[in-house]
Amino acid sequence: MGRVGLVRTLKGVIIFLAVMAAVCYLVIFPQRVQEAGGMYDMEWIVTPGIAAVSLSAIPVAIALALFWRICTEIGRDNSFCRRNARWLSGIGFCALLDTGYCAVGTVTIELLVGSPIWILGMGVCMVGLAIALAAFLLSHLVLKAAELKDENDLTI
């Protein structure tokens, strides 16, 4: 697969992820919060719960936008640049922020209703930490590659 094909594939995946996130945040999550509110006889928490879950969409949207920008740079044949390293760090920070938010939400739900949802929440937190770790590692490697590229450009 060439560079153009890779960029198209990556951007297609970003669009797919954005659509899936929109379905989750607009349909599935609000419905699950309403069901949980009714199941645990806590209707008073439905609206704040939906608002709290909706806030976690912000880091996800920012991370997808940063990933789109990285793909655009790859399309320009500028994969190893300082901007991509910064944007990868931004994705890592978004993942950490969302992971922390998820952990707080999981603990809050456990304290309020004693639901076994904490098992799923901890799994989501582990995935978020893995994404953050990968993004920070890739950021470091891209930065090192950009520095080597700059040195090489000066040598020639």
Side-chain angles (χ1 to χ4, degrees), residues 1 6-75 79-147:
M1 177 182 316
L6 174 66
V7 170
R8 284 184 182 155
T9 301
L10 289 173
K11 286 187 174 182
V13 168
I14 293 169
I15 291 169
F16 174 76
L17 289 173
V19 168
M20 293 305 296
V23 168
C24 286
Y25 281 104
L26 296 174
V27 178
I28 295 171
F29 294 159
Q31 180 182 15
R32 297 296 294 149
V33 169
Q34 286 178 337
E35 289 172 4
M39 184 185 318
Y40 293 104
D41 210 23
M42 298 178 74
E43 285 81 17
W44 60 271
I45 203 162
V46 170
T47 302
I50 291 172
V53 169
S54 298
L55 277 177
S56 71
I58 296 169
V60 172
I62 292 170
L64 288 175
L66 291 173
F67 189 41
W68 185 275
R69 294 176 103 181
I70 290 169
C71 292
T72 301
E73 287 299 318
I74 292 171
S79 301
F80 302 111
C81 63
R82 295 179 193 284
R83 274 181 297 199
N84 280 355
R86 275 195 318 269
W87 292 336
L88 279 166
S89 285
I91 291 171
F93 284 118
C94 286
L96 278 181
L97 178 67
D98 213 31
T99 299
Y101 193 73
C102 180
V104 169
T106 300
V107 169
T108 303
I109 290 171
E110 175 62 24
L111 291 175
L112 285 176
V113 296
S115 168
I117 195 78
W118 67 270
I119 297 170
L120 177 63
M122 293 288 88
V124 170
C125 289
M126 294 303 227
V127 170
L129 287 175
I131 291 170
L133 181 66
F136 287 131
L137 177 65
L138 285 172
S139 172
H140 175 75
L141 294 175
V142 168
L143 183 60
K144 290 295 181 187
E147 290 170 358

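Note: hydrogens, waters and symmetry copies are ignored here, and every other heavy atom, side chains too, is used. If you read the sequence from its start, that first residue is 1, and numbering goes on from there.
Summarising the geometry of V53 relative to Y25, their closest heavy-atom pair is O-CE2, 3.3 Å, with the distance given to 0.1 Å. Across S56 and V60, no two heavy atoms sit closer than the pair O-CG2, 3.6 Å. Residue W118 comes nearest to T106 through the heavy atom pair CA-CG2, 3.3 Å, listed as atom of the first residue, atom of the second, then distance. Scanning both residues, V142 and S79, for their nearest heavy atoms gives CG1-O, 4.0 Å. Residues L66 and G90 come closest through the heavy atom pair CD1-C, 3.7 Å. A pairwise comparison of heavy atoms in A132 and G92 identifies CB-O, 3.6 Å as the closest pair.
Remark: side-chain polar atoms of S139 are not paired, donor with acceptor, to backbone N or O of A135 under 3.5 angstrom. Side chain of Y101 to backbone of P59: no donor-acceptor contact under 3.5 angstrom is found.
No side-chain heavy atom of I131 sits less than 4.5 Å from a side-chain heavy atom of F136. Between N84 and R69, the closest side-chain pair of non-hydrogen atoms is not below 4.5 Å. The shortest distance between side-chain heavy atoms of L96 and L129 falls below 4.5 Å. By the 4.5 Å heavy-atom criterion applied to side chains, F80 and L143 are not counted as neighbours. Looking only at side-chain heavy atoms (C-beta outward), K11 and V7 come within less than 4.5 Å of each other. Annotation: side chain of L133 is not in contact with side chain of L137 (no heavy-atom distance under 4.5 Å).
Once rounded to the nearest 0.5 Å, the distance linking CD1 of I15 with CE of M20 reads 14.5 Å. Note that SG of C71 and CG of L6 are 7.5 Å apart. Values are rounded to the nearest 0.5 Å.
Dense packing is recorded around CE of M122, with more than 12 heavy atoms of other residues, nucleotides or ligands lying under 6.0 Å away. When the shell of 6.0 Å around CZ of R82 is examined, it contains more than 12 heavy atoms from other residues, nucleotides or ligands. Surrounding CZ of F29 are more than 12 heavy atoms belonging to other residues, nucleotides or ligands, all under 6.0 Å away.
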Could you walk me through whether M126 and T99 pass side chain to side chain contact (heavy atoms under 4.5 Å, CB included), step by step? CA-CA 8 Å; M126 294 303 227; T99 299; over 6 Å; no
